[in-house]
2 protein chains.
Amino acid sequence: MAVGGVSRHPEGGPASQQDMRRQNLAVVLGTIAGQGPLTGLSRADVAGLTGLTRAAVSSLVDELIGRGALTEAETAPSGRVGRPGRALAVSDRGPAGLGLEVGVTHLGACVVDLRGEPRVWRRVEQANAGRPAGEVLAEVAALGAEAQAEAAGLGLRVEGRVLAVPGVVPSAEPGLVEHAPNLGWHAVRPADHWPDPDAVPEPENEANLGALAEYWQAEHDAETFVHVSAEAGIGAALIVDGQLFRGARGFAGELGHIPVHPDGLPCPCGSRGCLEQYAGEAAVLREAGLAGAGDPVALLAERAGAGDPAALRALDRAGRALGLALASAVNLIDPDALVLGGAYAELADWLLPAVRAELAARVTVRPWPPGALRPSALGRRGALLGAALLTTRQLIADPTRLPLA
Amino acid sequence: MAVGGVSRHPEGGPASQQDMRRQNLAVVLGTIAGQGPLTGLSRADVAGLTGLTRAAVSSLVDELIGRGALTEAETAPSGRVGRPGRALAVSDRGPAGLGLEVGVTHLGACVVDLRGEPRVWRRVEQANAGRPAGEVLAEVAALGAEAQAEAAGLGLRVEGRVLAVPGVVPSAEPGLVEHAPNLGWHAVRPADHWPDPDAVPEPENEANLGALAEYWQAEHDAETFVHVSAEAGIGAALIVDGQLFRGARGFAGELGHIPVHPDGLPCPCGSRGCLEQYAGEAAVLREAGLAGAGDPVALLAERAGAGDPAALRALDRAGRALGLALASAVNLIDPDALVLGGAYAELADWLLPAVRAELAARVTVRPWPPGALRPSALGRRGALLGAALLTTRQLIADPTRLPLA
DNA sequence: ACTTGTTTGTCAGGGCAGAAAACAAATTAG
DNA sequence: CTAATTTGTTTTCTGCCCTGACAAACAAGT
């Protein structure tokens, strides 16, 4: 592009005073939100933490209160000398995010407030594979409308909607679910089937949302990690420096088709020896001698817990294959942590030893700290939670999106 | 980009007016630099391209001229109606970057001006493996001093120094070369051996610098790509959205130890079937029946060009192993492009077919466009060039680092 | 109870950076 | 030579944060 070879885009566009204000609003709100609801920070505290002046913080806080993002709590008796500060807290009765989810065996909807707390939670078990997309979307829309109504009763106003789907959403065309093999969807646009045109959600891959939820909610401090979730297919999501990494076209994280045994089992994708043939849900269940009845993952966990040799063997084999693939990921990405989410989280007790062993044997140049591999705390709830949190996180990152009321 | 800009840390710290100024200086300078030296942009052009006002651009340009980053060229007869603009150009006689390189078989030094043009270039063939680090560093320092003196004669003032090394520089401890196996270095700090304490360079991994040079100098428009370079070890560097991705600890890109044949050849690292055992320089030369005399890479290219069956077989095998490893990388990262740099660039004619075939067979869910795999235009010069460019790019990204003169 | 010292939140003044608008300068078209 | 057009600068204005000062609200000591 540049013959002389120089800067493509230094930092995006030019900066204006509005950008400065926007960022400082985000810094103040983010600081208060990051401290958790326990400690009520005062304006002076925020000024000390951020480096802004007390006067500036006051102005910013005033605007954030005006937008409904912050509230002034009771003046707590601090015990220290001097005039006590007025405690600031992220509002639990204003802007909110609505998360929706279409899974293979369930629908879900939830509402979180700006603090990140889930306030409404709905989950309906229901087989959706192969059904017309329009029908399924109408049902999840109804579920979402219910959740939104219940949230309104709590004083929450939904400011954004995100739909978690087990499929690919190319970054070139947001709004399009290009392909969701386990649902049987092809080129589905939720907007085309949504009952209320003013409440259309933005679709996003569920593995990505699960990873983001893990990042936002979990207690650890990994800024760069790989989140693996099994849901029929094996999907990985990469969080890099606290940002979701989607790849150039939005297809990053296809862990399921990493070749683990180059000349091994054929895969429907046309290649051979893909991870999915060894650690995918179907492969593990087949190996363990289980049919897909009810909740097969829970059944498998039960059998393994009871010491069933076939189940243990299947999980060990899956763990080794997974470890092999993750060794490649670790060598390439050097993440802070590896997180097993989705269905893997429930099977972690039996998967982790094999994964750890394989990582220890394969990642030798820079030994992999065993503690950096751990199951997700959120498990299968992550995707729906992440969908709802996405809206509130975006609002915190740019509070000017909030109406001034 | 539905999911963007939502990290736990809004954007780092609060924004000040100085930050705004800094960014706008970078935007203006970057815009002029990005257009190449051919078209001389006027202040009005820059205003139109960036969205800033003409008045603001004038003020910013004045400062950039004062810092020696820009010069006002002759007023070219544009032919169009209206007062002609004064052409602005990035200065070729002011701030510059010094790049240094310690390779296994050579030393190098070069100076680039702010336009990114190399103005001084030195390369000395010399075996450095196993020699005391202090000696080698003293020699490359002398070479750098020579280059800097010659650059001074061209009116160039070195503002920063970077040393390319074939080793690991952990992000936790900049300034430390933790391990450079092919040189026999362990825990070497260039600062401890440098003759002139005011001219100590910052060490950086050569594969990373090669990738950055490729990004900055090449004509393509890939913003996210994997740059593979062979230099005894196999190192990959990841450029993500135009930024070098180092991983959590600075160890990302260990492509050489990705397992390609899980139960294959043992590797000194302790694992089995690492890529390096199949596509590393030593392995390929052994397979081709070549001893490491003179410039073995050039010799191998010559033999392959002459149709030598052993050479062709070795390169085909290496290409297939490399393709297998890159398939994993593509499935994980989904880059815009794959670039073969370093010694691979010179062997591309015979490697690429096998790599392409393997990628086509392995990356099936999202077929890999064959054109997105290509040899580096810079080849083995990339690392040294990148070392010098790193300084000038940092100056363009933050012109306030330049002295006001 | 009262004073002192400390911390908090706000207010007024100043500086800085970009936006908006007006103006002088330099060129082409007729 | 005049009109039109584009450029670059100057002037005025606005927005934002910073500095410094001040009133308010508390604890501790007398």
S.K.: For A:G82 and for B:N24, locate the closest nucleotide of DNA chain C by heavy-atom distance; then report the residue assigned to the nucleotide nearer the 5' terminus.
M.R.: A:G82
S.K.: Taking N and O atoms by type only, does the side chain of A:Q18 place a donor or acceptor under 3.5 Å from a partner on the base of C:dG18?
M.R.: no
S.K.: Between atom CE in B:M20 and atom C1' in D:dC17, what is the gap in whole Å?
M.R.: 10 Å
S.K.: Between A:S171 and A:R249, is there a donor-acceptor pair closer than 3.5 Å when you use the side chain of the first and the backbone of the second?
M.R.: yes
S.K.: Please answer whether the main-chain N or O of B:A15 pairs with a side-chain N or O of A:N24 as donor and acceptor at a distance below 3.5 Å.
M.R.: yes
S.K.: Give the residues of residues 41-70 of chain B touching DNA chain C, defined as any heavy atom closer than 4.0 Å, sorted by residue number.
M.R.: B:T53, B:A55, B:A56
S.K.: Would the distance check show the side chain of A:T53 and the main-chain N or O of A:A56 forming a donor-acceptor pair, the cut-off being under 3.5 Å?
M.R.: no
S.K.: Which residue, B:P84 or B:S16, contacts DNA chain D at a nucleotide closer to its 5' end, judged by nearest heavy atom?
M.R.: B:P84
S.K.: Side chains of A:R21 and A:S59 only: does a donor on one sit below 3.5 Å from an acceptor on the other?
M.R.: yes
S.K.: Whole angstrom is fine here: how far is it from CZ in B:R80 over to P in C:dA26?
M.R.: 18 Å
S.K.: To the nearest Å, how far apart are A:R22 CZ and D:dG15 P?
M.R.: 16 Å
S.K.: Nearest whole Å is fine: how far is D:dC17 C1' from B:R21 CZ?
M.R.: 17 Å
S.K.: Check whether more than 12 heavy atoms from other residues, nucleotides or ligands sit under 6.0 Å from atom CD of A:Q18, and answer yes or no.
M.R.: no
S.K.: Does any N or O in the side chain of A:R67 come within less than 3.5 Å of the main-chain N or O of A:L402, such that one atom is a donor and the other an acceptor?
M.R.: yes
S.K.: Given atom CZ of A:R83 and atom C1' of C:dT6, what is their separation to the nearest angstrom?
M.R.: 12 Å
S.K.: Between B:D19 (CG) and C:dG18 (C1'), how many Å, whole number?
M.R.: 15 Å
